[in-house]
Amino acid sequence: MMDKTFNPQDAETRIYEAWEASGAFQPVDDDNAEAFSIVIPPPNVTGRLHIGHALNNTLQDVLVRYKRMLGCSVLWQPGTDHAGIATQMVVERQLAEEGQMSRRDMGREAFIERVWEWKAESGGQIMTQLRRLGASCDWSRERFTLDEGLSKAVMKVFVQLYKEGLIYRGKRLVNWDPKFETAISDLEVENLEVDGFMWHFKYPLAGGRTYTYVEKDEDGNVVLEEERDYISIATTRPETMLGDGAVAVHPDDERYAPIVGALCEIPVGPKEQRRLIPIITDEYPDMNFGSGAVKITGAHDFNDYEVAKRNNIPLYRLMDVQAAMRADGPSYAECAAQAQAIAKGADLPSEAEVDAINLVPEDYRGLDRFEARKKIVAAISEEGLAVMTEDEQGNAIPLVEKKKIQQPFGDRSGVVIEPMLTDQWFADAATLAKDAIAAVEDGRTTFHPKTWEKTYFEWMRNIQPWCVSRQLWWGHRIPAWYDADGNVYVAESEDDAKAQAGGKALTQDEDVLDTWFSSALWPFSTLGWPDDTKEVKRFYPTSVLITAFDIIFFWVARMMMQGLHFMDEIPFKDVYIHALVRDEKGQKMSKSKGNVIDPLEIVEEYGADALRFTLAAQAGQGRDIRMSKERVEGYRNFGTKLWNAARFCEMNECVTPADFDPKSVTRTVNQWILSEAASTVKAINAGLDGYRFNDAAAAAYRFVWNVFCDWHLELAKPLLQGEDEAAKAETRATTAYVLDQALKMLHPFMPFVTEELWSQTGQRDTQLITASWPVLEGLDNAEATAEIGWLIDLITDIRRLRSELGLEPKDRYMVNVLGHDDVTSSWAQNYRAIICRLTGTHMSVLHPAQELSEMAEGGSAEFPASRCTIFIQLPSKELFESVKSSLQTKLKKLDGEIMRLEKKLGNEKFVANAPAEVVAEQREKLEDYASQKTKMGEALERLQGM
RNA sequence: GGGCGGUUAGCUCAGUUGGGAGAGCAUCUCGUUUACACCGAGAGGGUCGGGGGUUCGAGCCCCUCACCGCCCA
């Protein structure tokens, strides 16, 4: 005898190992089988399984198992990426904790060796954790972005793009992370609104020049007119004033028109060397914001950078790699003089020469940027060059607005990102994006839900050059070498580079590539490219990429660009974008909020199947999923329900004979459940084919619980326990057969419990994981569906009446059913026993000839139902009153419906315009209601007479 | 500021060419009849955010307002 419940803790590991050992996770080697492939969006090698991974991988596994059972040759390609910053951070932290030398002290080679040791020991734990979920990846093909083969792909791609002019090196403004001392991508920057200040400073005009400053309101009335010898500038970052190259005003701004072209003085630094900068016009300043005039610091602000480029304004870098104020180079006096010459019209020197100019005065050199800010604000205020306002007491104070400001933070370091002018390698993303955009436009790749294509297009059409270099050690070192003169040689190997350089001594570029550079190649590099492998031929393009929307830019976009460029074909046909998992209150889960639900804890407590089913059932195509334990518990219960259904089958010796043909079944109940199973398979197929995981899960759930368990098993009991051996045999066979189909249908969602039941409920040729997906053709049976549907309605009606009338459950009451026609009369007759059993009543079947009034006189109340009338013998006279009120309530409801339908059908326009079948449907309904009303009325009348 | 999405039962959410408002959980009542109390039977509960429009007919299409969320500046 089977246990009462499934014990996931005991079974899951055993089952998983059996699957893996059997080779079920590997694609079948059959050229006739359709290929189906998914590459896992590679998690960080430092990653731990969180609930988002659980959802992502559950959905992949559902599809993979479904396709495998359909007979496809399925490859689910697993692996991890090397996560440059994250991994380096983990290992550096570990070194610090162990009190060992720092990364820099131990040197590049030793450090990298150390990272590999870390990886061998504790990297890629998420791959083990995925096994707990039941993920059926082909582990024999696990890849890592720094593997030899994948690295070869990276080198090839870099060199080729360089040769094509799609990768270049240059000095550009990039997001600089001062903690990790590397450039990071736009996508790794999180813009947060924080409390900040807006300071207002006076930039005095050169030579004591003055002008009339006039401010007007919207109607053109003058509200302020005064002589000024300065221009007022608002800034949230005073420390960058040192690097100002100009002040810009809008060309339409009349307030400043008189001084455009003039020079003004930056009010910081030693008095003797105050720098003068020009007042220029540019479309960028917003006339209605602040004073309307903005300082231009091209080397430390992205907007300013653009303005500076347009207007040939020099870019003065003020900070070092740790975002401290520069302490290098010649004296401030010397540098300021150089800058002054440029402002006064000297030719703009080369980039490198400008970069060598350090405009940080000695007083501020080496200070942290925020320290420098404080000192600079204090100095300006002291000098009287702050714009003043009055406090509540009327005292003059510097104008400092408290303001919410957008500040960029590194998503890993958490420190404020500094726009920084540095030498970096860039990929020409705009060019690469063209094909990637076209491929989605013409439908070679389709997003599901389609609406995400808008997001994809939006980003791709405004894409910026992709900074691919990182100032890290852990990663693919950029295959570029320099000779003593700074000439660059890009080649796949040092030998090639040397050959190019004519044997000159070379040093390799210190930087590594962005991790995403290698991830972008994942859909083909994992298959063996650039080698011409059979996997590339068979499994590229992959079938679908499953990921969350926040990753569209990271993976989808980049894989599309590289896939199209190097394979000349899309990397995946479909992109399914799933929701984000939030907590039960809809909050994003985060460690700091303490609302993180650990999927492994859920697995521990409820089993992997429950977690998987919960995620799949909630994977509607919305934006997020709210996760709660109650929900998981509910689906755990569902697994138990299935378990007990199987246990019931076992107890009743249900097995499917080898020669069982479901089409030959003759008993209506059996025909009916086969028909229901067939329509359920259709619904699940439709759901999974359309990435409607929740629809598929709901169909399976409803079938197993509300159809098979609630009705089929109950209706089958008399047959299974009865004397009719032929009926018993057929029912046993059918029930076992249907249970098998249910196990198959549920297997993609709940692989463990279904596999366990599969092995416990019969002699099997194969594991369930490799069994064939149900094909239930020719089993639809409308007659059986109508008949059992009628029976179910009747039983439900009688149960409701018993409950409404408050009849004692332990007492058995006499119930009679009068069929309104020969068909229902015989149904009532045939199902007499089961109706009694499921309603807890005694029952006889009336013949139409019998007088209704006789029944009434016999103490029975009458209730019209579907195609029949139910009589219930009441134990007391008082109950007739509640029968009356029950009938009256129903009559009222009916009247309402009838009125609504009559009005509708009385509307000529409706009859004229609506499709004929809709009109006919409404007519039928009206007739049905009307006849019900008549019967109710008659029943009531008879009751009144008593 | 630009873009996207949401607002349906107490809660979480489905609702795919416009034609009977649904599920799970929660609540209430009843019940231990040998598959299952991680269960069974029954019930209550919604002006589908507000307003306007198109239509014979709108949760669904259009306009508008409000509120909430996300992404990008």
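Each chain gets a letter, A, B and so on, in the order the sequences are listed, and its residues count up from 1. Computed from a predicted structure; not experimentally measured. The figures that follow rest on heavy atoms only: side chains count, while hydrogens, waters and symmetry mates do not.
Straight-line distance from the CD atom of E902(A) to the C1' atom of C56(B): 17 Å, rounded to whole Å. Spacing between atom CD1 of I417(A) and atom P of A73(B) amounts to 14 Å, rounded to whole angstrom units. Atom pair R900(A):CZ and G57(B):P shows a separation of 14 Å (rounding to whole Å applied). Atom-to-atom, CD of E283(A) to P of G1(B) comes out at 20 Å; the value is rounded to the nearest Å. Put simply, CD on E897(A) is 12 Å from C1' on A21(B), counting in whole angstrom units. Residue E924(A) contributes atom CD, which lies 14 Å from atom P of G20(B) at whole-angstrom precision. Summarising the geometry, the separation between CG on N706(A) and C1' on G24(B) is reported as 11 Å, rounded to the nearest angstrom. If you measure from atom CZ of F549(A) to atom C1' of C72(B), you get 13 Å, rounded to the nearest angstrom.
The partner of G57(B), taking Watson-Crick or G-U wobble pairs whose two distances both stay under 3.5 Å, does not exist in any strand shown. For U29(B), the paired base is A41(B) (Watson-Crick or G-U wobble, both distances below 3.5 Å). Both distances falling under 3.5 Å, in either a Watson-Crick or a G-U wobble arrangement, place A66(B) opposite U7(B). Partner assigned to U17(B) is none, using Watson-Crick or G-U wobble distances below 3.5 angstrom. The nucleotide G1(B) finds its pairing partner in C72(B), both defining distances of the Watson-Crick or G-U wobble pair being shorter than 3.5 Å. Of all nucleotides present, only U12(B) satisfies the Watson-Crick or G-U wobble test against A23(B), with each distance under 3.5 Å.
When the shell of 6.0 Å around NZ of K728(A) is examined, it contains more than 12 heavy atoms from other residues, nucleotides or ligands. Atom CD of Q721(A) has more than 12 heavy atoms from other residues, nucleotides or ligands within 6.0 Å. At most 12 non-hydrogen atoms from other residues, nucleotides or ligands lie less than 6.0 angstrom from CD of E908(A).
Across all strands, A698(A) comes closer than 4.0 Å to no nucleic acid atom at all (heavy-atom distances). Among the atoms of the strands shown, base atoms are found under 4.0 Å from some heavy atom of E714(A). Using a 4.0 Å heavy-atom distance criterion, D695(A) is classed as a base contact. When heavy atoms are screened at a 4.0 angstrom cut-off, C709(A) is found touching base atoms of the nucleic acid. Residue K450(A) is classed as having no contact, given no heavy-atom separation below 4.0 Å to the nucleic acid.
G22(B) sits 7 Å from A14(B) when the C1' atoms are compared, rounded to a whole Å. For G24(B) and C60(B), the P atoms lie 25 Å apart once the distance is rounded to whole Å. When the P atom is used for both G19(B) and G15(B), the distance is 14 Å, rounded to whole Å. Taking atom P in both C61(B) and U17(B), one finds a spacing of 11 Å when rounded to whole Å.
Comment: R702(A) engages E676(A) in a salt bridge, judged by a side-chain N to carboxylate O separation of less than 4.0 angstrom.
Using a 30° and 60° split on the angle between ring planes, F6(A) and W643(A) fall in the tilted class, from 30° to 60°.
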Sugar-phosphate or base contact per nucleotide [nucleotides 37-44 of chain B; S, B, -; heavy atom under 4.0 Å]
SBSSSSS-

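Remark: side-chain polar atoms of D609(A) are paired, donor with acceptor, to backbone N or O of F752(A) under 3.5 angstrom. Under the 3.5 Å distance criterion, the side-chain polar atoms of T735(A) are left unmatched by any main-chain donor or acceptor of R732(A).
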